[in-house]
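Structure, as structure tokens:
To find a chain, count down the sequence lines: A is the first, B the second, and so on, and within it residues start at 1.
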Number of protein chains: 2
Amino acid sequence: MSRPILKRKDIHEAAMKLFVEKGIEGTTTREIAEAAKAGEGTMFRHYKSKEDLAWHLFDENLSRFLAELEEDLAKQSTAKTRIRAMVEKCYVLFETDRTMCSYLLLSEHTVARQMPNGYKTPNTILVGIIEEGQAQGAIGPMDSKLYAAMVVGAILRVPIYKIYGRIREDLRNLIDPVTDSVWKMIAV
Amino acid sequence: MSRPILKRKDIHEAAMKLFVEKGIEGTTTREIAEAAKAGEGTMFRHYKSKEDLAWHLFDENLSRFLAELEEDLAKQSTAKTRIRAMVEKCYVLFETDRTMCSYLLLSEHTVARQMPNGYKTPNTILVGIIEEGQAQGAIGPMDSKLYAAMVVGAILRVPIYKIYGRIREDLRNLIDPVTDSVWKMIAV
DNA sequence: TTTAGTTGAGCGAATACTCGCTCATTAATA
DNA sequence: TATTAATGAGCGAGTATTCGCTCAACTAAA
């Protein structure tokens, strides 16, 4: 090997922060380089385009998040405790790494265009949880995809509104209230 | 007047369609002009920039939607029937003018940056409905803003997933099921 | 004739990406 | 251990292109 890769992480952090603040198209490659204290060409050594960087930031972080979530879910045996684990995972992430969480939430409708068919999302996982809950007789008989949509929506709208300043509470205090509310929505 | 304004509506329709398909930054003024069968300069007679056009499309359509919604709400006297009216208004709009509805839903995180403080949104209205419902003793005692966030999230995630093809049902068939589910979430 | 909507070639600033080069780091050789 | 060769990360000035916007000419309604 020649030289260790030192700048990639700096580029990740700078790009994510800027993408959240100004949007992907609204951020220039020069700004990323400057913020990362790197040369402008360096990001192209690791990614073939700015879009490619944005996609990797989304994909890698979401994948890691989902993998960790599935570990947590494996420890739970009921639908309700699984949903609680999901809420907890989301809200703890939000308070722990707000930039990353904001990026995942806000870039949904832009980066998400590039998701291949069958790409795994929190929604995919939730459909599974709900169908298992229905098999156990704990969750009502409605279409699992509709339930999943409503539950995902209810859970994720809270951090979105916290980003916009409409909610101020520390989200970790809302894990149980939100879980309980959402559970009422789908319980038999 | 010397000449009637003929192209503005064509520009609205073409721009909104393209903005939904390719995003605002991803759409060029030339593409808008071509799709609208108008000259490129025409949109600048009516709007001072592409961003300005995008904002007006958002603002005017949302304002009209909210005004109509408030008319409907005035006819209802209980929190639950008001929420039903809101769901109905959203889902009927979706099936009636999908492009416009998609634009409002998907541009939230981009155009929404420009919303002035105190700008009225569906969320604002919902907070009012919920607080009144709480005063009537029909809705639980939790923070009204948190309730509103969860309800908005649950309601709007359904059309979002229909845009992404994860839900196929005609949303007008889901008005009552969604209303009932959402109501369970917040009822005392 | 006046007025105002429409047009599209042209402009210039912005910017994503390239490429030839540097040099820190490692591996091989003596 | 000292020396040399090889590697590829890092750099940033340069460039081809794109794209938002302007404006002078044109057209049609009043």
Side-chain angles (χ1 to χ4, degrees), chain A residues 1-60 103 106-107 109-114, chain B residues 1-61 103 106-107 109-115:
Chain A
M1 291 302 132
S2 57
R3 283 174 83 167
I5 296 173
L6 297 173
K7 295 290 180 178
R8 191 158 55 190
K9 200 168 190 179
D10 294 337
I11 289 170
H12 284 182
E13 282 164 16
M16 196 137 65
K17 188 158 175 285
L18 286 164
F19 287 167
V20 168
E21 281 168 15
K22 319 177 52 172
I24 294 165
E25 306 261 6
T27 301
T28 67
T29 52
R30 281 208 178 92
E31 286 174 309
I32 296 170
E34 199 176 351
K37 287 179 178 122
E40 203 181 344
T42 305
M43 73 160 272
F44 293 97
R45 173 96 38 207
H46 301 299
Y47 302 98
K48 75 177 212 296
S49 67
K50 189 178 73 166
E51 287 299 312
D52 188 44
L53 167 62
W55 166 253
H56 274 88
L57 284 176
F58 182 82
D59 181 45
E60 281 159 23
Y103 182 65
L106 301 181
S107 66
H109 303 321
T110 41
V111 180
R113 283 173 213 278
Q114 302 170 51
Chain B
M1 296 298 138
S2 58
R3 281 177 79 174
I5 295 172
L6 297 173
K7 295 289 182 180
R8 189 159 54 190
K9 200 168 190 179
D10 294 337
I11 289 170
H12 284 182
E13 283 165 15
M16 197 137 65
K17 187 157 176 286
L18 287 164
F19 288 167
V20 168
E21 281 167 14
K22 320 177 46 171
I24 294 165
E25 306 259 7
T27 301
T28 68
T29 53
R30 290 204 227 292
E31 286 174 308
I32 296 170
E34 197 177 354
K37 289 180 177 122
E40 201 183 343
T42 307
M43 73 161 270
F44 292 98
R45 173 153 199 93
H46 301 299
Y47 302 99
K48 75 178 212 295
S49 68
K50 188 178 75 165
E51 286 302 310
D52 188 45
L53 167 62
W55 167 253
H56 274 87
L57 284 175
F58 181 82
D59 181 45
E60 281 159 24
N61 284 300
Y103 181 65
L106 301 182
S107 67
H109 302 322
T110 42
V111 180
R113 283 174 212 277
Q114 302 170 50
M115 291 198 302

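In this structure, A/Leu18 and A/Thr27 approach most closely via the heavy-atom pair O-OG1, 3.3 Å. In this structure, A/Arg113 and B/Val20 approach most closely via the heavy-atom pair NH1-O, 3.5 Å. For A/Ala54 against A/Val111, the heavy-atom pair with the smallest separation is O-CG1, 4.4 Å.
Ring-plane geometry between A/His12 and A/Tyr47 is classed as tilted, the angle between the planes lying from 30 to 60 degrees on a 0 to 90 degree scale.
The nearest whole Å value for the distance from the CG atom in B/Asp10 to the C1' atom in C/dT7 is 15 Å. B/Leu6 has its CG atom 16 Å from the P atom of C/dA4, to the nearest Å. Rounded to whole Å, the distance from CD1 on B/Ile32 to C1' on C/dT7 is 16 Å. Per the geometry, CD1 belonging to B/Ile24 stands 12 Å off P belonging to D/dG20, to the nearest Å. What separates CD1 of B/Ile5 from C1' of D/dT27 is a distance of 16 Å, to the nearest Å. For the pair B/Lys7 NZ and C/dG8 C1', the computed distance is 13 Å after rounding to whole Å.
A salt bridge between B/Arg30 and B/Glu34 is absent, with no side-chain N of the basic residue lying under 4.0 Å from a carboxylate O of the acidic one.
B/His46 has a side-chain polar atom (N or O) that falls below the 4.0 Å cut-off from OP1 or OP2 of C/dT6.
The only member of B/Lys22, B/Lys17, B/Lys50 that meets salt bridge (charged side-chain N to carboxylate O under 4.0 Å, His left out) when paired with B/Glu31 is B/Lys22.
Here B/Ala33 lies out of heavy-atom contact (under 4.0 Å) with every strand.
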note = Given protein heavy atoms under 4.0 Å, the one-letter contact record of nucleotides 16-22 of chain C, with B base, S sugar-phosphate only and - none, is simply BBB----

